[in-house]
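To find a chain, count down the sequence lines: A is the first, B the second, and so on, and within it residues start at 1.
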Amino acid sequence: MMESRGGSLMRMRGLVRKEFLQVVRDPSALAIAFVLPVVLLLLFGYGVSLDAEHVPVALVVDQPSADTASLCAEFEQSRYFRPQSIVGLRAAEQAMRERRVDAIVHLREDFSDRLQSGRVAPVQLVVNGVDANTARLVTGYVQGVYAKWLEHRAQAAGQSLAVPVAMQQRIWFNSNLRSRNFLVPGLIAVIMTLIGALLTALVMAREWERGTMEALLVTPISMREVLIGKILPYFVLGMGGMALSVVMAVWQFEVPLRGSLWVLLLGTSLFLLTALGMGLFISTVARIQFVAAQVAIITTFLPAFILSGFIFDIRSMPAVIQVITHAIPARYFVAILQTVFLAGDVWSVILPNSIALAAMAAVFLGLTRRLSRKQLS
Amino acid sequence: MSRLLALIRKEFLALLKDPRSRFVIIGPPIIQLLVFGYAATFDLNDVPLAVYNESGSQASRELIARFVNSPSFQQVATIEHDSRIAPLIERRRALLVLHIGPQFERHLREGTTADVQVIVDGRNSNTAMIASGYAQTIIRNFSIDYAGRSGTEAPPATITSRAWFNPNLLSRWFIVPGIVGLLTLVVTMLVTALSVAREREQGTFDQLLVTPYQPWEILIGKAIPGFLIGLVEATFIILVAVLWFGVPLRGDLSTLYTGIALFLLSAIGVGLMISSLSVTQQQGLLGAFLFLVPAIILSGFSTPIANMPPAVQQLTYLNPMRYFMIILRGVFLEGTPFELLISQFWPLAVIGVTTMLSAAWLFRRRMY
Amino acid sequence: MMDESAASVVPGQPATPGHSTQNDAAKPVVADDVVLWAEGLTKTFSAKPNDVTAVRGLSVRVRAHRITGLIGPDGAGKTTLMRLAAGLLVPDEGRIEVLGLDCVRDQAAVQARVGYMPQRFGLYEDLSVQENLDLYADLHGVPQAIRGRRYDELMRMTGLAPFTARLAGRLSGGMKQKLGLACVLVHPPQLLLLDEPTVGVDPVSRRELWAIVNRFVEHEGTSVLMSTAYLDEAERCDEVIVLDEGSLIGQGPPSQFSRPLTGRTFRVRATGLGPRDVQTHLALRSEVIDAVIQGDAVRVVLTEAAASQPDSVLTGLEQAVIESVPPRFEDGFIATLRAKRSAGSAARSPVPTARAEPAARDGLVISVRHVQRRFGEFLAVNDISFDVPRGEVFGLLGANGAGKTTLFRMLCGLLPASGGTLQVAGVDVRKTAARARARIGYMSQKFSLYGTLSVQDNLQFFSSAYGLSGRRRRDRIDWALTEFELGPIGDQTSGGLPLGYKQRLALACALMHEPEIIFLDEPTSGVDPLARREFWQRINSLVHQGVTVLVTTHFMEEAEYCDRMAIMMSGRLLALGTPSEIKQQAVSPERPEPTMEDAFIALIESKPPAGGAHA
């Protein structure tokens, strides 16, 4: 019994060393693990943002007056807008069609008169609704600018503007609503999904195609040892890539890390096992590199991008789709990362998501183990 | 000519004859179109709401009723104590907590501003912003109505807002045309990026090279199936977008298809470039990913290019997806006429011609 | 020497099991010196459209401490039997035991005691020689203490000692194969299973491989089961097992297969005619079972009836002489298979040979002058010149890495030359490669067809690729389907065809445009002797029509088919001439009549390799 355990250790050591040597010889694996996360994180960390600033907006004033001037000045001071005065609604509409402006603020001829006489003076806002999300944000910003202007105006007139009910807003975890704070942890999840798949999706298929699998199979090695020998090196590489990503998130993008490192380690380990398991599974089922590659492209990036809750909130999806998202490992990792980074070690979030990841890892690795019998055919 | 046709036919057969390969090209895009069409949305329905009402007054109940009756919110919990707020939000059970203090009614009666506290989970800042926007609207309307009833002065001016092209601000109208671009790109990459490397590894490439085909003929033979498959899939996705998702198609088809053709040209050019560069299929796969991922994220598909820092914005000018997104959304929602899109067409054409030429050049060099 | 029960079968008769084990199947009584025991073994693979039964009710025994050869045409079930013995496949029926252990139940124990080298041995090409050895030593649990001595011994035997730090991918084909064998032997197995270990290996490396195997059998008492497509190798085995279509044809020492043909094997020489014409003539006669070219003569096997009057086959040949030669294993093998085939089904129609007047051999079709090709610092082809006239079969021989393939690729226009001139069909390949390519047919060792396409689609594609269309294309496709007997399988995907069919299809594709030159790159590598004969018969008929053939090969037997040949080493031309001329160079007192292989080895060894020989 003792003898066989020693043999098993020796075999695994041999396999792991072989896999490491192959990784070192083929720089593409190292590039996947270490260069890819840095490049992608830099590109996306800066590139992906939902915070609209400097929105080009057309200000159309039919009849200039002191009131319209002060309202325009309020727009000028806002960091959200890059206003430009355009004469005539028609010209402004043309500008919007040509996508030179995203919104039109129209103050009609009677704006000042109505305002002076205490009647309701409507401000007309036309937004380009194509990007509904941005349109909504722009509408909100315009309302904010407008409320500020009213306040300043009342102050100037020596009155206090007494609104019966006012909303006092407190945003937890991300008080100034930087979208980067939630996008960067999500991006890490998407990038790690890619890395996991790219590292392992082809390794099994490659051994089959090159005939090395047959040579491995006739040695006393067990299939379990083969799989562990495959996973261990890529696990270490993946962890390295993850460490790099976390360092960049914290130092480069200044995302707060409120949870503890070891919880992060736990979540990452479970996720990597799932991602690597999925890659191995694809590779084992496909057995041909061409098909394995196609399946890897289709099943990893886009689902992780769209269905993980990284950018599109899962709660907004129809119920059926919400159910489907449970099959995406990145979903759980996104939840864990966003919580550990922004909220801290909230066990009520981390525990169920970790369990889900562990279960998925078990399923993928178990299926791979079952499918890769020590037999050909 | 018949020689070229034979080459094209062979490429089609090589792609579609194998049932696994056929499924990979046809099946997933359809499934993904449906799933992503529904999943990719920034619209928020049924925001989980927790209510903490310390006032117990008529007015507070009325305000809460407005929240509960709004389609945007769904009450999931009622809170009796401060200490319950944190767990609800941390566990993501509630996205937003509406807290009405004990002084609410007194302030209202005295004519001073009564504050209502709204606590939002900011982990997803976009969701947080939208949810708090909804709350803001409900509270403002309540405020105006209350003022109207109690005879206090209403704010002197209001904003009437109107959205062009997408009056109900459905983000699905924005996302689904984007998916046309997304899936077309993925399919063309699948078809082209690995095709040369695969022949190289299988040894058929030599066999092909000893035939009298010129390199450019081989390249065209590889490009046309990608083009046709991309065209068919794009058409299918457009049909689904219009008939199933109800996205309006306001522009004319000739403009749309000009855009699709130019986009396919540039996507295939990139795919064949990757293909000519890679010796093994693994390199091809890596190359496909290295192009796909940034091309999609930096295309404006999900997050506007205008939000990116200037340096990254400059970079997006190299991305064919960027132009295609504008064309798709323009033709679908705005009905943009051909002339206004010429500024998008020519960069696509330039990218297409450049990548095709470099693919041909790389192809010749890598022949040996 | 031979045990009676093991050598019970003679060629041409169906195998009968030595004794029935039906009654005591649970615990078979196996003699101590039987290392592999199989009874009623059947294995079927599901495939479209019909399932393939690779091994059918097979019962064999392999005995200890000797080399047993496993011989048979493609699809005989050789590899399947090896895999069953290695525990890689589970039999559908029957049982197989190795060293007294059940291969299914005691898979792990079997694999700990057996060494198996698959056809494409799984070396990790991005690992060095030493690292590959370490890996397999780890996998087999070889204790650290004895590794050093073991490695030294293996490296000395394989001659790889100077290359331990080199990446396996950078070794030549022969060296790779030797390293593969070394990896299997790191943990000395009791039974060594070798699946075609010498395919694609040059004669020098082949001889070294045999020396290693022999050493293990003699010094360590290893038992060896080795499959091979080289019939001359069968003669070196202590015993051979002949399989066909999954069934046992016979088992015994090789001489047992050749003995029945004593007195039926002859050599024919005709002074007026070339050997190819003699062979064509003889192959058509009903009393001739087999006719192969050997240098300037033709070796024939006659039917029993004709053997008493061998001169009768010479009618129609002028100035021909016939002399008796001793039978070889190959003669017995071919005769057995031919007998079985013609008995089983309707006799296969002989390959139609064109009876057109032999075209005149005039003009140079290929002209190579001072050709060079460098890869960086390394000269793969160094100042080579030769000419090939129309209608000649010209062979390029050389060890792995000698520069054959590089030269070949330059002639096809796949690789530009660094210097010198190359003319093919009167066209300068360096300038107008596409025009030259339209006039050549090319078939490579991998039979590179589009595996997912059907036979018809492949033919259609390659005919159109060469610019055939309409009526002419239809005619040529019909021609190919009938001529190569591909009609019945026209709709099948070519990837799933047996090797012999793939080879035929590949040749058909290369001939669609009726090229005047065909380039064959190791065309029969791994193909069984029957298919190889058939292939050369086709080539001969093409040569009759004036087609020029350029062929690279490792098969020394195949070299005999050539009119002239060139032997290459380290990028240089070592010898150029007819097969007889080349053999003449190796004549020595001990070897008055050297074989082509002897000549090849002697030539290679007379010139010690230069520095870059093995790149």
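- No salt bridge links C/E131 with A/R17; every basic N to acidic carboxylate O contact stays at or beyond 4.0 Å.
- Neither the backbone nor the side chain of C/L193 comes within contact range of chain A; no heavy atom of the residue lies under 4.5 Å from a heavy atom of that chain.
- In this pair, A/F333 and A/F271 present their aromatic rings parallel. The plane angle is below 30°, not in the 30 to 60° band.
- Looking at C/V142, only its backbone comes within 4.5 Å of chain A, counting heavy atoms on both sides.
- The contact between C/A137 and chain A is made entirely by backbone atoms, counting heavy-atom distances below 4.5 Å.
- Under the 6.0 Å distance and 45° angle rule, A/K230 does not count as a cation-pi partner of A/Y234.
- Counting only heavy atoms from C-beta outward, the side chains of C/L171 and C/R166 approach each other to under 4.5 Å.
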